[in-house]
Amino acid sequence: MRFTARQLLPGAAALACTACNRVQSTLSWSGDQAAASGSIWNLMLWICVPVYVAVLVALALAMRRRESAADVDERAVGRGFTAWLALIVTLLSVLVVASFAVDRRLNRPAVAPLHVRITARQWWWDIQYLDPDVSKRFSTANELHLPVDRDTRIELASADVIHSFWVPSLSGKLDLIPGRTNALTLTPRKVGWYRGQCAEFCGLQHAHMALDVRVDDAAGFAAWRAHQLEAANPPATASATAGKRLFESGACAMCHAVAGTDAGGHNGPDLTHLASRRTIAAGTYPMDRDHLDRWIADPQRPKPGALMPAVPLDPRDRGAIDDYLMGLR
Amino acid sequence: MSETIDSIEAGQAQARRDALERTWADRPGFIGWLTTVDHKRVAHRYIATALVFFALAGALALLMRIQLSRPENHFMGPDRYNQLFSMHGSAMMFLFAVPIMEAVAVYVVPLMVGARNIAFPRLNAFSYWVYLFGGVMIFVAFFLNIGPEAGWTAYVPLSSSDFSPGKRTDFWAQMITFTEVAALCVAVEIVATVMAMRAPGMTLSRIPLYAWSMFVTSLMVIFAMPAVMLGSTFLITDRLVGTQFYNAAEGGDALLWQHLFWFFGHPEVYIIFIPALGMISEIVQTFSRRPVYGYTAMVLALMATGFLAFGLWVHHMFATGLPPLGNSFYTAASMMIAIPSGAQIYCWIATLWSGRKALVAGRIATPLLFVLGFFALFVLGGLTGVMLASVPLDQQVHDSYFVVAHFHYVLIGGAVFPLMGALYYWFPKMSGRMLSERLGRWQFWLFFIGFNVTFFPMHILGLMGMPRRVYTYPAGLGWDLPNLIASIGSFVIALSVLLFAINVLRTLRSGKPAGDNPWGAPTLEWATTSPPPPYNFEEAPAVRSRDPLWPLDTDLEVMTGLSKTKREALLTSSTDALPATRWAMPDPGIWPFLSAIAITVMFVWSIFSPWGVVWGSIPIAITLTVWFWPKRSQPSMGGGE
Amino acid sequence: MCSRFRNSLAAALACALAVLPACERERREYTGAPTSKAPPPRESTLQPGAPIASPADPVGAHYEDIAFHINEGGRLFRAFNCSGCHANGGGGIGPALMDADWRYGGRIEDIHATILEGRPNGMPSFRGKLTDAQAWQLAAYVRALSGNVRNDAEPSRREGMAATPPLDRLPKQPPRDGDPSAGTVPAQ
């Protein structure tokens, strides 16, 4: 779906900022759903800005009249009143009908979609790719991959409080409410990286509950998916082997799972392919060895209140765990 | 029995005034302050207390803006920030916005309809104490680290025991009970005053627009407040005794809280906004030297706004996954409420257009300046509201800084600016002195500029994907500069508030004396002295038009016959304001104050134990019984002076 | 107006109260919570029902007073499947935690030691798998199950299916050492 310059212009005009980002913006329209909301935004600008200007101009003119009240035609004022009301009713009706039409389009059934289930927890995203064949299901965390030009139907559930799934470049938001399952369809149209964020206040680290979204072409997505189905890479070095042993026997396995090993905890994110992701801790730190080490040493520094404790570890032991985790591509 | 004042001898007039003074005076000193039932004195303390809460809540906002001025700032941690924004919202909405609108009405409405006092004066005094104690309670809790932490909306399950341990949310929920009791009391008084205590001859179509707006607002309060009291009571019982109202696993529903809260919450913002509409009408009318154009349309618009406001609440829940057809209904309703507002804007502009501008020292007077500010800001906020009414667009910008920008434009632009104008307008009447116009202009421009610098960039932040209620944000998303600009603007706003405080304090100390009617206004409150005597009017004024004091310097007709040795008010019929009864008004007393103390004890005790409700009811029963114990009645009909 | 200055008195009073220590119960200590300094016992003559000699640790009282820690302990209780043996406090394979009978002592220091050391007859040791602070939080929650923490810090009803009445409505059950179901040890 292409957007002409005329369509984009009013939206772009609203961006009076210095650096507009494309990865987390309601005005970047990289998916059908975002474009639909965007069309309403354009219509709103075309209607609301002239109305606002008209009211201010009328007020300015009214303030300039200083003569007495004698030369006012009351009937003309009355006719103006009726005309103004008629104009407002007309414009609002246009907006109501347009909103309704776009809303219908947004709620159309998904066509042969990919199925994903996201369970939001304080303060990370538990992502499960569904498949009719149960052995083809896998879990990941905090990074969502989507195929371009195809519907993905995302079921939204919560394990604790109300969160909200929002990737503005692709779509409007939908809440994840404990006790109900909501569902959202995304149809991305541009390959690239996007960023989403939880949009319903959910506690101490609501600010650090981001989501990386990668939209890939069909081949890239299939390759990623096939790789995610594989078990974790075995440790390649002695240090990594020591790290794996510490991981399985210590506090890590109480909460985290690594497919193909003895670690099977489900309280925290699945780490099977941790090193293949772009960020850790729901977008708080980039994924590299230095930040991984800092995170494990004290998760409370970047994310105070996070549910992962600072496990007291000898720096050498922590280094071994880092080596092991960096190998989990 | 109708006489004009001129024909009465000055000496007799003075004797009458002395008798009235003796009858209506409060006891002297501190005990008089505690026991007063004079609506003006109660309103003074209401307004002053609300402004103190405004300043405190504003200070919290400054701290928030400091934290957000830079990405990944470490000025404060998430727990402190969460308490700050929860307190800021709760204090502004429950302790400032609604109380001050009601407080101005408590002062002005009885004077404007020509009554000696407000209906139910002891209830009025009681409501102030309940409000004060509730506000003090929550701020003391905040300073003791027991402040609310789940936002002013306190969505479950975040606000339930599992995710909000301790007593923080309990104190918040109980504060709601305090403030809603106070608001309901005042609402009942205003409805009764406007319905039954109007000046003879003030038919429905002669009631001033401000009195109409307060009448509509008070009816809305009566219908809306019970929803939040019910919802917050359910939250209290869920947290205290283990009911399951909001627990999906046991048959409850997390969305029940949202429905109950927003069924109150949406009318709440119109409860804050509709009084401002009335204030604007009075100011526009006075400074255009003509009645507001389209009186009937204006009254109908007020009623339509008040009525429609109850049918919009689901627009706060468009992202929760309710059925789309239902959502669309609320889109239509939310857009429809723009129609009466649009009608009112036309009528005001037509009034200004066709009137003779009244200037003060050659310039636009400060009240009118604030009204002009209202137009610029509220219309913008109202239009972003129309944007938010559309489901697809709302699903993008809901819970982002776009919404923060929207509601600050409509609340500050649509309510606080007119309120400032009204305070400048009625301050001479309340205190007998004129506020400095020069400081008022400085205050206005600093407020206007600071406000736009603070809140306009937030529209952009929301469109760029910044969610709300975040204590920090990452660098590199383009959010840094707009946040810094907003933070700078917030300090400009603080400066303007400081100027207002200086203006008020200096004027109280040594301001220029105001006459009875410094603005040349048409409504009845300007027919008495500034400040009015405790009995408001020597004799009950009678009206024959909508603008009884216009043309200026014509004599006002009065109706004599109310006793000067007993406290009495004149009740008139509801539609045509024909005199009906002479009603005995209560003397000052301590029991409203003591009842408020008993209620406070019960409410605070019940935060910690359900037995507080049982044992705490006993003192309340005692104080209320003594309060309502029937006095030996004196005849209130006939009898003469 | 006098009323304005009286209101500033009220505000000043509120500010004065700010210098009072912040309400201890409401602290959210997600980092920097105190940990125990006493070294773990290396060997013991531990038997069910015998008097316990866990060294007293003032850190325990700190955790029992803070609602946040008790609540976190509840979250960990569910996350680490304590209910697999102890149900929701009523016991099953493992003994009940909601009553007054304690095989290895019912003070918070005893429970903390039980969690980290393990006990005969099936309680696993969690040393190295939980941090010290987490063990204290769990111990505080276990104490709350029998009503032995201050009432205003007790958690109330849980989100989720109601397996117990809300904890703040249950009567307090002071610990009694010596669980009769644990059996006795023949004299050596």
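Residue numbers start from 1 in every chain, and the chains themselves are labelled A, B, ... in the order their sequence lines are given, proteins ahead of strands. Keep in mind that the numbers below use all heavy atoms, side chains included, and drop hydrogens, waters and symmetry copies.
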With a 3.5 Å distance limit and no angle check, can you tell me whether B/K429 reaches the backbone of B/P532 through a side-chain donor-acceptor pair? no
Where on C/R150 is there a heavy atom nearer than 4.5 Å to chain B: the side chain, the backbone, both, or neither? neither
Heavy-atom pairs under 4.5 Å with chain C - which of B/Q244, B/R239, B/E149, B/K167 has more of them than the others? B/K167
Under 3.5 Å, which donor-acceptor pairs do the side chains of residues 159-170 of chain C form with other protein atoms, sequence neighbours left out?
residue, atom, partner, partner atom, Å
C/E159, OE2, B/S160, OG, 2.8
C/E159, OE2, C/R157, NH1, 2.7
C/R169, NH1, B/L240, O, 3.1

Output every pair passing ring pair (Phe, Tyr, Trp, His ring centres under 6.0 Å) with a member in residues 137-173 of chain C, not counting sequence neighbours, ordered by first then second residue. C/F77-C/Y141
Test ring-ring contact (aromatic ring centres under 6.0 Å, His included) applied to B/Y131 and B/F96, B/Y46, B/F178, B/F94, the passing residue: B/Y46
Contacting region of B/F142 [heavy-atom separation from chain C under 4.5 Å]: neither
Checking B/S609 against chain C: side chain, backbone, both or neither under 4.5 Å from a heavy atom? neither
